[in-house]
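Inspection log for the structure reproduced underneath, given as structure tokens.
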Amino acid sequence: MAELITSKKLDKKSESSGFILERTAKRLKQFFQQQLTAADTGITIDQWVVLQVLDRQEGLSQLEIARETYKDAPTITRIIDLLCRKGLTQRVTDPADRRRFKIQLTGEGREKIDATLPIIRDARRQAWQGIEDTEIDRLVDVLNDVFNNLSSEEAK
């Protein structure tokens with residue numbers, strides 16, 4: 001059975017781990033954006049995240065995309081507006097509710113995903129270089145545990 005962490009130890013660890021997590025998340029986002037810019041993809045990392053969500057599950061509403069990406073609705077609206085202007089996505093009237101729209105990738109959007117994915121994969125490889133697969137798996141598990149701990153708190 002795992003030993004419980006004393007509150008003093010937890011306070012000290014959570015103080016530095018929270019900062020490290022925030023710093024690393026920001027640096028990862030900056031690094032991925034630099035890679036997209038250097039490759040002249042014409043999209044931001046936030047736009048990439050939305051394209052990736054639509055690639056996995058097309059025809060989502062803006063609210064569903066917001067939930068999937070953990071971004072607020074106004075931010076998603078701006079991102080989708082930009083992606084539509086770039087011809088990468090389109091709003092299609094929802095046949096079940098004509099007041100709503102479903103967001104779909106265009107042919108150009110699919111081409112953008114195909115062209116951008118190798119850049120993202122290379123950036124991931126660079127970010128994770130020298131780190132064993134088992135360590136990455138453990139990190140993912142721990143981060144998911146923290147996320148789930150906080151998610152279950154929201155439900156209370």
Side-chain angles (χ1 to χ4, degrees), residues 16-155:
S16 63
S17 62
F19 170 76
I20 292 167
L21 183 60
E22 178 72 15
R23 178 188 71 178
T24 304
K26 284 183 178 182
R27 183 63 191 115
L28 275 169
K29 189 172 180 178
Q30 290 168 350
F31 176 72
F32 279 80
Q33 185 58 60
Q34 289 166 352
Q35 301 308 300
L36 293 177
T37 301
D40 200 24
T41 61
I43 60 172
T44 66
I45 193 63
D46 288 328
Q47 292 167 6
W48 167 253
V49 168
V50 170
L51 290 174
Q52 203 173 25
V53 165
L54 289 171
D55 189 42
R56 285 194 303 260
Q57 189 177 354
E58 192 165 22
L60 296 175
S61 70
Q62 289 184 193
L63 182 59
E64 291 167 327
I65 294 169
R67 286 184 186 136
E68 286 290 315
T69 60
Y70 295 93
K71 295 185 183 304
D72 60 42
T75 298
I76 287 300
T77 299
R78 282 191 301 276
I79 292 170
I80 291 170
D81 287 347
L82 285 166
L83 291 172
C84 285
R85 281 199 293 271
K86 292 178 181 187
L88 303 176
T89 60
Q90 60 187 352
R91 288 181 173 94
V92 177
T93 304
D94 184 344
D97 183 350
R98 298 192 55 77
R99 297 168 295 174
R100 294 183 47 195
F101 292 97
K102 297 287 186 178
I103 310 303
Q104 294 183 340
L105 291 170
T106 62
E108 209 174 317
R110 291 186 190 291
E111 289 173 14
K112 182 63 75 176
I113 289 169
D114 291 342
T116 305
L117 191 54
I119 297 158
I120 294 295
R121 285 185 177 145
D122 286 345
R124 286 178 186 150
R125 277 192 283 279
Q126 188 172 346
W128 298 111
Q129 72 183 348
I131 303 172
E132 297 292 326
D133 287 348
T134 55
E135 292 176 294
I136 294 170
D137 291 344
R138 180 67 183 133
L139 175 61
V140 168
D141 289 344
V142 168
L143 292 174
N144 277 327
D145 287 345
V146 171
F147 181 86
N148 290 333
N149 288 344
L150 298 175
S151 296
S152 63
E153 283 299 312
E154 286 178 3

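Values below: every heavy atom of this structure, side chains too, minus hydrogens, waters and symmetry copies. Nothing here was measured: the structure is a model prediction, and the numbers come from that model.
Here the closest heavy-atom approach between residue Q47 and residue G42 is recorded as OE1-O, 4.1 Å. Of all non-hydrogen atoms in A123 and Q35, the two that sit nearest each other are CB-CG, 3.9 Å. Smallest separation of non-hydrogen atoms from Q33 and I45: OE1-N, 2.6 Å. Scanning all heavy atoms of the two residues, the minimum distance from G59 to E64 falls at O-OE1, 4.5 Å.
In this structure, the side chains of L54 and Q104 stay at 4.5 Å or more apart for every pair of heavy atoms. Using a 4.5 Å cut-off on side-chain heavy atoms (C-beta onward), L88 and I43 make contact. Between W48 and I79, every side-chain heavy-atom pair lies at or beyond the 4.5 Å cut-off. Side-chain contact between L51 and T89: present, with at least one pair of heavy atoms (C-beta onward) separated by less than 4.5 Å.
In this structure T93 satisfies the side-chain hydrogen bond (donor to acceptor under 3.5 Å, both in side chains) test with no other residue, sequence neighbours excluded. Not counting sequence neighbours, the partners of D97 by the side-chain hydrogen bond (donor to acceptor under 3.5 Å, both in side chains) test are R99.
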Original post:
Do F101 and I80 pass the side chain to side chain contact (heavy atoms under 4.5 Å, CB included) test, and can you show the C-alpha distance, the side-chain angles, and the key distance before you say yes or no?
Top reply: CA-CA 12 Å; F101 292 97; I80 291 170; over 6 Å; no
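Between D72 atom CG and R67 atom CZ the span is 13.5 Å, to the nearest 0.5 Å. Rounding to the nearest 0.5 Å places OG1 of T75 at 13.0 Å from CD1 of I65. The structure places CD1 of I103 at 11.5 Å from CG of L63, a figure rounded to the nearest 0.5 Å.
Side-chain N or O atoms of T69 include none that pairs as donor or acceptor with a backbone N or O of V50 at under 3.5 Å.
The salt bridge (charged side-chain N to carboxylate O under 4.0 Å, His left out) analysis of residues 116-136, with sequence neighbours excluded, yields the pairs D122-R125. Residue pairs meeting the salt bridge (charged side-chain N to carboxylate O under 4.0 Å, His left out) criterion with at least one partner in residues 74-85, sequence neighbours excluded, are D81-R91. Legend: side chain to side chain donor-acceptor pair (under 3.5 Å) pairs involving residues 109-119, not counting sequence neighbours, sorted by first then second residue: E58-R110.
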What pairs of donor and acceptor atoms, side-chain ones from residues 24-31 against any protein atom, are under 3.5 angstrom apart with sequence neighbours left out?
residue : atom : partner : partner atom : Å
T24     : OG1  : I20     : O            : 2.7
K26     : NZ   : E22     : OE2          : 3.4
K29     : NZ   : D46     : OD1          : 3.1
K29     : NZ   : D46     : OD2          : 3.3

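Shown are L36, T41, I113; of these, the side-chain contact (heavy atoms from CB on, under 4.5 Å) with I120 is made only by L36.
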